[in-house]
Protein chains: 2
Amino acid sequence: MADDIAGRGDPIKTLQLMWGRIEAPKRGPKSKLAVADLVRAAVRLADEEGIDAVSTRRVAEAVGISPMSFYTHIPDKAVLLDLMLDAVARPADGSEEAQAFRPEDWRANVAFVAREYRAFYLRHPWVLQVATHRPVLGPNTMRAYDYFLAAFDGLNLSEVEMDLSVTMVANYVHGAVRDVARARMVKELTGMSDDEWWHAIAPFLETVDFSPYPVASRIGPVVGELYGLGDPDRAFEFGLECLLDGLAVMVERKGGRR
Amino acid sequence: MADDIAGRGDPIKTLQLMWGRIEAPKRGPKSKLAVADLVRAAVRLADEEGIDAVSTRRVAEAVGISPMSFYTHIPDKAVLLDLMLDAVARPADGSEEAQAFRPEDWRANVAFVAREYRAFYLRHPWVLQVATHRPVLGPNTMRAYDYFLAAFDGLNLSEVEMDLSVTMVANYVHGAVRDVARARMVKELTGMSDDEWWHAIAPFLETVDFSPYPVASRIGPVVGELYGLGDPDRAFEFGLECLLDGLAVMVERKGGRR
DNA sequence: CATAACTATGTACGGTGTAAAGTGTTATTT
DNA sequence: AAATAACACTTTACACCGTACATAGTTATG
C-alpha cells in the first residue's frame, strides 16, 4: 500500500552503490553475488508481478540467499528502490537512443524524446508507483537527463530555460502516462476490462442526478460514446502537440531554429 | 510500500457508499458510526502522518472500534481509498470555488483552475500516492471535473477537445506537483532539507566524471547555482504559461474569445 | 417469542521490514 | 603458526499489515 519514503540509508551509500564505488573488501569471504544481481532480480519481479511483489524476502529468495542476507548487500529497501530506478533508466539494449537528432527540426526531436520517455514508463509501469526520497543521481538517470536536454540544445535558450523545458515536458509525460499504466495494470490484475466495468456500473449511474454538473453532463456522454473511457494515445498526442505549440512561442521569441 | 490496486470490492458497492445510497438497515443494532466518520478519520491520518499511516487497524482505532469492525462498514481497504479520494475532492470549506470565471479571459480561468488543482494536491499530497482501480465517480470528484471543464466552456471547442484539454492540463499539474509534494514529505519525515542533502552528497559528486553527459554538465551547474534543486513554483508557472500558449493556438484557430 | 438481520468482536494466518545476535570464512597482524 | 579483525551469511524475533472465519450480542419483524 502506497510507497514509502523513509529509508535513512545515508545518501552517500546509495550513490556509492549506484556508481559502483564500493571497493572490494579485503578480508572475509568473497560474495558470490553482486549488488547488481539483487537489483536485477528486483526489477524482474517488479516487471513481472508489480511493485508489490518486490519485498526484501522475495528478492533474497530470487537470488538464492536467506532473507536477511539481503541486508549484507543493500542497507535498506528504500535504497533498493533507488537502485532499481537507476538500473531501469538504462537505454534498452541495442536500441533507439542511438538515433541522432535532426538539428533543423526541434519539434521532431522533442516529440521523439517525449514519446521515448512515455514508452519507458509503459515498459516499467511500476516506476510510477515508486516515491524516491531525492532525485536519483545515478549514471543511467544522468544519461537520460542529458539526452532529454540535448533535444533542446541549439535553440538559443538559456540554461534555465532548457532545464525548465525539460522539466515541463517530463512532467507532462509523467502525468499523461499514469492513466494508461493504471488501466493496463488493472486489466491484468482484475481481469475486468474497462468496458465490462463501465457496463457493470451503468445501471447505477442512471439513477444519479447529474444536474449539479451541467458542463460535465454535456461533455461526458459525447466523449464517452466516442471513446469509452478515453483514448490515452490520442490524449497524449493531443497534449504533446499543444505543448510543442507552446514551446514554439518561446523558441521563436528567442530566435532559434524553427 | 507502493500502492496496491486490487480490491475487488465490487464497484457498485463503492459507488453506493460514495453517493450515500446504502439504505439504513431495518433490523439489528444501529451503528453509532457512519462511513463518513471512518473516511474522515482516514483522511486525517493521511494528512497528518502520510498514506502509510492509514491502515484498517489504525482507522478503526481512531474512531474507537475494534480492528475487524472496520469491515462492518467498508468492505475493503481499496474501497476506503476510493472513498478518501472523493471525500477530499470536496471544495475546501467556504472557499475559493465560489469564484466565478471571467468570460472574456479564458487564460485567467484555466490558470486559475490549474493553480487550484495544484493547491489541492499540496493540501493532500498522499493523493499522489494512491493508485485507484478505476476513475473515481463520486459526487465531489464529478463536481471538480465539472468545474475544470467549465474553464474551457464558450471557446467553440468541441466536446472532445474540451475533454482533451482538461486532461492535458490535469496531467501537467499532476506531474508538476509531484516533486514539490515529495520534497515536502521528505523534509518532514527525514528532517533533512534539500540544501543539507545537497551538501552531504557534494563531496561525492566531485569525484564523478560527468564528461559522458556533456549537455547536462553544461546546464546542471548553472541551474544548480541559481536555484539549488530547482524552484518548483517557478517551474510550475513556466510550464503553465507554455501550456497556455499552446492552448491559445488551438483556441484562436477555433475562433473563440481571445 | 422465535428468528433473521445486523453490529461488533476475538482469534488466526501469512505476509511485511528489519533489529539483534550468532556462525563460519578469509586476509591480515602478531 | 596463532590470533584477530573484517566480512558474508543465517537464525530468531518483533511489531506491523490486510483480512478470512467463527462467534457473541442487539434489534426489528414474523
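Predicted model, so just to flag it, every value in this text is computed and none were measured. Because only heavy atoms are used, hydrogens play no part in the values below, and waters and symmetry mates are left out as well, while side chains stay in. Below, chain A is the first sequence line, B the second, and so on; all start at residue 1.
To the nearest angstrom, P of D:dC17 lies 13 Å from CG of B:Leu80. As a whole-Å value, the separation of B:Ile51 CD1 from D:dG18 P is 11 Å. Rounded to a whole Å, the CG atom of B:Leu81 is 12 Å from the C1' atom of D:dG18. If you take CZ of A:Arg58 and P of C:dG14, they are 17 Å apart, rounded to a whole angstrom. Rounded to whole angstrom, the span from the CD atom of A:Glu61 across to the C1' atom of C:dG15 amounts to 13 Å. One interatomic measurement links the two molecules: CG of A:Asp52 to P of D:dT19, which rounds to 12 Å at whole-angstrom precision. For the pair B:Lys77 NZ and C:dT16 C1', the interatomic distance rounds to 12 Å; values are reported in whole Å.
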Annotated protein contacts, base or backbone, on nucleotides 3-13 of chain C with a non-hydrogen cut-off under 4.0 Å, one of B, S, - each: -BBBSBBBBB-
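Within the 4.0 Å cut-off from OP1 or OP2 of D:dG18, at least one side-chain nitrogen or oxygen of B:Ser55 is found.
Within a 6.0 Å radius of CZ in A:Arg44, no more than 12 heavy atoms belonging to other residues, nucleotides or ligands are found.
Partners of A:Thr167 by side chain to side chain donor-acceptor pair (under 3.5 Å), not counting sequence neighbours: none found.
For the 3.5 Å distance criterion, the side chains of A:Thr207 and B:Arg21 qualify, holding a donor opposite an acceptor. When only modelled atom types and interatomic distance are considered, A:Ser69 and A:Thr72 share no side-chain donor-acceptor pair under 3.5 Å.
Smallest separation of non-hydrogen atoms from A:Lys30 and A:Lys26: NZ-O, 3.7 Å.
You'll find the side chain of B:Met84 reaches within 4.5 Å of the side chain of B:Ile51, heavy atoms only.
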